[in-house]
Protein chains: 2
Amino acid sequence: MISSFDTLKKILRRIPGIGYRSAERIALFFLLEGKEYAQELLKSLSHALESIKICSLCGNLSEAELCFLCSDPSRDASTLCIVETIPDLHAIERTGNFRGKYQILNGKLSPIRGIFPKNLPLEHLKKRLDQEDIQEIILALGNDIESEATCQYILKEILQPLGKNTTRIGFGLPSGGGIAMADTDTLHTAILSRRKL
Amino acid sequence: MISSFDTLKKILRRIPGIGYRSAERIALFFLLEGKEYAQELLKSLSHALESIKICSLCGNLSEAELCFLCSDPSRDASTLCIVETIPDLHAIERTGNFRGKYQILNGKLSPIRGIFPKNLPLEHLKKRLDQEDIQEIILALGNDIESEATCQYILKEILQPLGKNTTRIGFGLPSGGGIAMADTDTLHTAILSRRKL
């Protein structure tokens, strides 16, 4: 059809969550906006790529050695939230309710995909627990088997031996979700996670 | 927070259908993919911007004077489908069921937004109807007041005087949509659009 258009769409489809239609919509927008937008996007992306690195403490994006969260003295340094990815950290930050610090694992245990304990920053985590005055660790990993295994491993190998107070985020019905609309797994977890009133 | 990251997100949010979360997801993907992806995207976009222009007949994207649809002799030249935008044309093409030709209006009548008949390519449409052997015109505009006004104007001012056989695409329940889930407007249109069985 239009080969340069198809190439552009293929490149955009590599973005997670961007399917055929979204890629086409974005590609059309790029084309109809013309060179000015393309140059602005490129300039901004180049600038971000040059200036943004990984925070040496938590693994978040940062323009400095330490990210704005790790270097913020008003954050509660006694609570450490362990997440799998950078987007997970950003999602929790959007709630505006968590005021502690973070540790990003950049993965979860998955023997099938060749991810073992040595591939996660667990030595770094031990060092942090040793050097910082962390009172509570929140395991904010997802509701799937690999996340479960990762939480169990971290709990038993690292946190329990240190006697650390550990919690895991709640699972159950999403906000606004009705019982009849929930899938079986969610409902199963919601029943298991029931709380006394 | 991270200014270069925020700038990048703001630029991405200008894409239609891309909200706060999607912009963040795309920006994070761009950053984590690094320079290689950015260069590939830029190269592909620059190439597309240089090579793609607007088809002089129908208004579609094209690498040549005429787009691949207008220059395809196997398409049914006796049926002309009038759409509002380039993405609309692409959406109809994805169904794979329409084998006729197209005319893109690049807008619809909207006195509020200053779009009048003279702003639409209606003289071009008249010329096409005069020069081409078009037997049926399908008005494939949306289900809103401005689309309705545009269809009525084209019908009464251009197509009826020429005695052209004109149809408008069907409105009603979407595929897979249940009665109880449909909004009031859709259901109202669906009842008005009922067909004898």
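Residue numbering restarts at 1 for every chain, and letters A, B, ... go by the order of the sequence lines.
Environment of CZ in B:Arg21: sparse, with no more than 12 heavy atoms of neighbouring residues, nucleotides or ligands closer than 6.0 Å. The number of heavy-atom neighbours closer than 6.0 Å to CD1 of B:Ile145, taken from other residues, nucleotides and ligands shown, is 12 or below.
The heavy-atom pair separating A:Leu8 from B:Ser44 by the smallest distance is CA-OG, 3.1 Å.
With hydrophobic clusters built from ILVMFWY side chains whose heavy atoms lie under 4.5 angstrom apart, A:Leu139 shares a cluster with A:Leu162. Under the 4.5 Å side-chain heavy-atom criterion for ILVMFWY residues, a single connected hydrophobic cluster contains both B:Tyr102 and B:Ile169. Residues B:Phe68 and B:Leu66 fall into different hydrophobic clusters, defined by Ile, Leu, Val, Met, Phe, Trp and Tyr side chains chained together at heavy-atom separations under 4.5 Å. Note on A:Leu129 and A:Ile154: same hydrophobic cluster, where clusters join Ile, Leu, Val, Met, Phe, Trp and Tyr whose side-chain heavy atoms are under 4.5 Å apart, directly or indirectly. B:Ile54 and B:Leu125 are not part of a single hydrophobic cluster, where members link through side-chain heavy atoms under 4.5 Å apart.
Only the side chain of B:Arg94 has a heavy atom closer than 4.5 Å to any heavy atom of chain A. Both the backbone and the side chain of A:Phe30 come within contact range of chain B, each with at least one heavy atom under 4.5 Å from a heavy atom of that chain. Residue A:Ser46: no heavy atom, backbone or side chain, is found under 4.5 Å from chain B.
A:Glu40 CD to B:Lys10 NZ: the interatomic distance, rounded to the nearest 0.5 Å, is 11.5 Å. Remark: A:Tyr37 OH to B:Leu49 CG distance equals 12.0 Å, nearest 0.5 Å. Here the CD1-CD distance, from A:Ile11 to B:Glu33, works out to 11.5 Å after rounding to the nearest 0.5 Å. Remark: B:Leu61 CG to A:Leu28 CG distance equals 5.5 Å, nearest 0.5 Å. A distance of 8.0 Å separates CD1 of A:Ile52 from OG of B:Ser3, quoted to the nearest 0.5 Å. How far CG of B:Leu41 is from OG1 of A:Thr7: 12.0 Å, rounded to the nearest 0.5 Å.
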Steps toward side-chain hydrogen bond (donor to acceptor under 3.5 Å, both in side chains) verdict (B:Ser51, A:Ser4): CA-CA 7 Å; B:Ser51 60; A:Ser4 56; 3.0 Å; yes
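Listed options B:Leu12, B:Leu42, B:Leu31, B:Leu32 were ranked by heavy-atom pairs under 4.5 angstrom with chain A; first place goes to B:Leu31. The choice from B:Gln39, B:Lys35, B:Glu24 that makes the most heavy-atom pairs within less than 4.5 Å of chain A is B:Glu24.
Listed for the A:Arg25 side chain is no donor-acceptor partner under 3.5 Å among the backbone atoms of B:Pro87.
The six-membered or imidazole ring of A:Phe5 lies away from that of B:His47, with a centre-to-centre distance of 6.0 Å or more.
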